[in-house]
Amino acid sequence: MTFSEQLINWYGQNQRSLPWRNIQDPYRIWLSEIILQQTRVNQGLPYYQRFVERFPKVGDLASASEKEVLALWQGLGYYSRARNLHAAAKIVQKEYGGVFPADYEKIKALPGIGAYTAAAVASFAFNLCHPVIDGNVIRFICRLDGIYEPAQSALCKKTIEKTLYERIDRQNPGVFNQAIMEFGALACTPLNPLCGQGQCPFQSVCHAFEHGAVAHLPVKEKKKPLPVWQLHYMLVLDQDDTLWLHKRGYNDLWRGMYDLPLLPQSPSLEAPPAVCDAEGISFLEHRTQTLSHRRLHFYFYKADAGTFGLRKYLESQKDCLRVKKNLLSEYAFPVSVRRFLEDIHIF
Ligand code: SF4
């Protein structure tokens, strides 16, 4: 049996049943791929179902408002994915009449679509011969072939791409791609891969297994320390069951979303920590969140709207607004701010 026959055979017996499998609709395949970037299948599944229900066709997504798309995306993080999803849907609708182009380069030219997603859509939906290379595939092939270049390096990816073009099933590139990703996700896993139980069909030809290098491959590059951002938020409750929100600027990580007003003395994301002991403002708690590219520190304070003209100050800020608590679900929040509001039962 060839490599691809063995792989597809394994896939036939072990694949998970997922709603975006065994379909040819490029819109739904693309949607699932964008949702699953940096997101686990279990976490992404309900989002996929909500998006498909609310926007069954690409034209439905194209004609939605950004506010609605972001609100539906809320909790998944990496909001540029949602904005790009929306922008790409508009292009498909406008330039291709709502029909995804059956062309790798045209798919790759859409916002938010890189080589991996373009190959996934092109092969799953149109059976075009483009190998997918994601983290699962990199791990599997690095171990199988004994590739010791750092996993994220261009050389490693080039080497893997070359071998996949040689190994891909040219009649069934879509199935081959799904099979190799699934094998990396379920069998050649980061910890406790199948070979530990003697069940891997590739064990006899696997470099890492033969050389005792399974735990050392793929080679990871040393990470640089992440930059730190600090945000000092005021929870300002006001009359008539309202609270104050802050609309993020158009130039930042959470543009188009809402959070809480920042302490006047720390208006920017990079502000140094402030110890605020002004009368009427009390410190509530400190939380942290680590993203792939930065570490965030959130300091939450509670402030009385009537304290030293705070209401007046907020009214004078173009990006601050007062909203009814029972309408908060219409606004998209960064996940840490939303969790904080949920934990203190504001949501
Ligand atoms: Fe992966 Fe182990 Fe199979 Fe090698 S033998 S491909 S390391 S599961």
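Below, each value reflects all heavy atoms present in this structure, side chains not excepted, and no hydrogens, waters or symmetry copies. Both ligands and their constituent atoms are indexed starting at 1 by order of listing.
- In this structure, the ring of Tyr11 has its center no less than 6.0 angstrom from the ring center of Phe176.
- Ser17 and Arg21 share no donor-acceptor pair across their side chains, judged by distance under 3.5 Å alone.
- Here atom 1 (Fe) of ligand 1 has protein N, O or S atoms under 2.8 Å from it, and they come to 1.
- Phe55 and His86 have their aromatic ring centers separated by at least 6.0 angstrom.
- In summary, the aromatic rings of Phe340 and Tyr233 are positioned with their centroids too far apart to meet the 6.0 Å limit.
- For Arg287, the CZ atom is densely surrounded, since the number of other residues' heavy atoms within 6.0 Å is greater than 12.
- In the hydrophobic clustering of this structure, Ile344 groups with Phe333; members are Ile, Leu, Val, Met, Phe, Trp, Tyr whose side-chain heavy atoms approach within less than 4.5 Å, directly or through other members.
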